[in-house]
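Here is the structure we will look at.
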Amino acid sequence: MESKILVDTNVLLDYFLTREPFFNDAKQIIEKCAEGKINACIAAHSVSNMFFIQCVLYPLASAKGI
């Protein structure tokens, strides 16, 4: 039986932002998903939450070099 999981927003943030002490655990989850060992999904609101956090951490003005 294939494992099926819901990946929480915090796991994604730990991975993408290299947040310690959970980065290595998050990386293992992402890698297993990429390898097809785990069937994972994320909640729809995770996308908008991550976009908001990205905008706060990396504002558009600084991305454009203004």
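Note that the structure is a prediction, hence the values are computed from the model and not measured.
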Distance from [X] atom [atom1] to [Y] atom [atom2], nearest 0.5 Å?
{"X": "T18", "Y": "L13", "atom1": "OG1", "atom2": "CG", "answer": "11.0 Å"}
{"X": "N10", "Y": "R19", "atom1": "CG", "atom2": "CZ", "answer": "5.5 Å"}
{"X": "L57", "Y": "F52", "atom1": "CG", "atom2": "CZ", "answer": "9.5 Å"}
{"X": "I30", "Y": "D25", "atom1": "CD1", "atom2": "CG", "answer": "11.5 Å"}

Close side-chain approach of M50 and F16, heavy atoms under 4.5 Å: yes
Under a single-linkage definition using a 4.5 Å side-chain heavy-atom cutoff for Ile, Leu, Val, Met, Phe, Trp and Tyr, are [X] and [Y] assigned to the same hydrophobic cluster?
{"X": "I38", "Y": "L6", "result": "no"}
{"X": "V56", "Y": "L12", "result": "yes"}
{"X": "I42", "Y": "F51", "result": "no"}

Closest approach of V11 to A26 (non-hydrogen atoms, all atoms of both residues)
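The answer is O-CB, 3.5 Å.
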#### Entry: Crowding at CZ, F23 (>12 non-hydrogen neighbours, <6.0 Å)
yes
